[in-house]
Amino acid sequence: MNFARNYSPNSITGTIAEIPTVQQNLGKMESLLLSARHFLWSTAQGYQLYKNESQIWNVTAASKVMVMNQGLEIIDLAMRIVGAKCLEMERPLQRFYRDMRAGLHNPPMEDMAYTDIAKSITDNL
């Protein structure tokens, strides 16, 4: 947010924080963060409530997939707001982008998580 409050490209008057589209994207980013945090907290609480791992597997897999996808959407929106400056090595966004993309390669992979979730609900029908 500090970047948006202070950054003023030559093409606009004021800072990018005053642009309605930027404000909407910041609001969307915060909403996605709140949703992801809530899901993670709920998943952590589930570990205390359930008796064995198989009862929490779907929640854990779905949580990982949802948080990763929402994180990627957040970082993409942030990079669109910042523009080319986000790729400068001293900016944290380029590192956040790499870190979020790396999460895609850690199990459970999205396709397997969805397949396992589907199997668990169809096996119980």
A.B. asks: Under the 3.5 angstrom rule, does the side chain of Thr115 hit a backbone N or O of Asp111 as a donor-acceptor pair?
C.D. replies: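 Yes: the side chain of Thr115 pairs with the backbone of Asp111.
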A.B. asks: Working to the nearest 0.5 Å, report the span between CE of Met109 and CG of Asp116.
C.D. replies: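 One finds 13.0 Å between CE of Met109 and CG of Asp116.
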A.B. asks: Tell me whether Ile81 shares a hydrophobic cluster with Leu33, the cluster being built from Ile, Leu, Val, Met, Phe, Trp, Tyr side chains joined at under 4.5 Å.
C.D. replies: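 Ile81 clusters together with Leu33.
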A.B. asks: Can you tell me if Lys64 uses its side chain to pair, donor with acceptor, with the backbone of Gly103 under 3.5 Å?
C.D. replies: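 Confirmed, Lys64 side chain pairs with Gly103 backbone.
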A.B. asks: Could you state the interatomic distance from CD (Gln24) to CG (Leu77), rounded to the nearest 0.5 Å?
C.D. replies: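 The CG atom of Leu77 is 11.5 Å from CD of Gln24, to the nearest 0.5 Å.
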A.B. asks: Could you tell me whether the side chain of Thr43 and the main chain of Phe39 form a donor-acceptor pair under 3.5 Å?
C.D. replies: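 Checking the backbone N and O of Phe39 against the side chain of Thr43, a donor-acceptor pair under 3.5 Å is found.
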A.B. asks: Above 12 or not: heavy atoms from other molecules or residues under 6.0 Å from OH of Tyr50?
C.D. replies: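 Atom OH in Tyr50 is not packed in, count stays at 12 or less.
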A.B. asks: Check for me, please, whether Tyr97 and Leu87 land in the same ILVMFWY cluster - side-chain distances under 4.5 Å, paths through other members count.
C.D. replies: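 Yes.
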A.B. asks: Going by atom type alone, with no hydrogens or angles, which donor-acceptor pairs under 3.5 Å involve a side-chain atom of residues 69-76 and a protein atom two or more places apart or on another chain?
C.D. replies:
{"residue": "Asn69", "atom": "ND2", "partner": "Val65", "partner atom": "O", "Å": "3.4"}
{"residue": "Asn69", "atom": "ND2", "partner": "Glu110", "partner atom": "OE2", "Å": "3.1"}
{"residue": "Glu73", "atom": "OE2", "partner": "Lys28", "partner atom": "NZ", "Å": "3.0"}
{"residue": "Asp76", "atom": "OD2", "partner": "Arg80", "partner atom": "NE", "Å": "2.8"}
{"residue": "Asp76", "atom": "OD2", "partner": "Arg80", "partner atom": "NH2", "Å": "3.3"}

A.B. asks: Pairs under 3.5 angstrom only: tabulate donor-acceptor contacts from the side chains of residues 13-22 to other protein residues two or more places apart or in another chain.
C.D. replies:
{"residue": "Thr15", "atom": "OG1", "partner": "Ala4", "partner atom": "O", "Å": "3.4"}
{"residue": "Thr15", "atom": "OG1", "partner": "Ala17", "partner atom": "N", "Å": "3.4"}

A.B. asks: Please tell me whether Phe96 and Leu26 are part of a single hydrophobic cluster in this structure, the criterion being side-chain heavy atoms less than 4.5 Å apart.
C.D. replies: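 Cluster IDs for Phe96 and Leu26 match.
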A.B. asks: Is there side-chain contact between Pro108 and Trp57, with heavy atoms separated by less than 4.5 Å?
C.D. replies: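 Yes, side chains in contact.
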A.B. asks: Between Tyr47 and Thr60, is any pair of side-chain heavy atoms under 4.5 Å apart?
C.D. replies: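 They are in side-chain contact.
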A.B. asks: Ser120 and Asn58: which non-hydrogen atoms are nearest, and at how many Å?
C.D. replies: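 Of all heavy-atom pairs spanning Ser120 and Asn58, the closest is OG-ND2, 2.7 Å.
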A.B. asks: Would you say His38 has more than 12 foreign heavy atoms packed within less than 6.0 Å of its NE2?
C.D. replies: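 Open: at most 12 neighbouring heavy atoms sit under 6.0 Å from NE2 of His38.
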A.B. asks: Does Met66 belong to the same Ile/Leu/Val/Met/Phe/Trp/Tyr cluster as Leu40, with side-chain heavy atoms less than 4.5 Å apart forming each link?
C.D. replies: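 Yes, one cluster joins them.
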A.B. asks: Please tell me if the side chains of Arg91 and Glu88 come closer than 4.5 Å, counting only heavy atoms from C-beta onward.
C.D. replies: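 They are in contact (side-chain heavy atoms under 4.5 Å apart), so the answer is yes.
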A.B. asks: Output yes when a side-chain donor or acceptor of Glu30 lies under 3.5 Å from a complementary backbone atom of Gly27, and no otherwise.
C.D. replies: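 No, because the side chain of Glu30 does not come within donor-acceptor range (under 3.5 Å) of the backbone of Gly27.
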A.B. asks: Between Ala102 and Asn106, which heavy-atom pair has the shortest distance, and what is it?
C.D. replies: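 Where Ala102 meets Asn106 most closely, the heavy atoms are O-ND2, 3.4 Å.
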A.B. asks: Considering only heavy atoms from C-beta outward, does the side chain of Val67 approach that of Arg37 to under 4.5 Å?
C.D. replies: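 A side-chain contact is absent here, since even the closest heavy-atom pair is not under 4.5 Å.
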A.B. asks: Could you measure the distance from the CD atom of Glu90 to the NZ atom of Lys85? Nearest 0.5 Å is fine.
C.D. replies: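 Going from CD on Glu90 over to NZ on Lys85, the span is 8.5 Å.
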A.B. asks: Calculate, to the nearest 0.5 Å, the distance between atoms SG and CZ belonging to Cys86 and Phe3 respectively.
C.D. replies: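 Here the interatomic distance stands at 8.5 Å.
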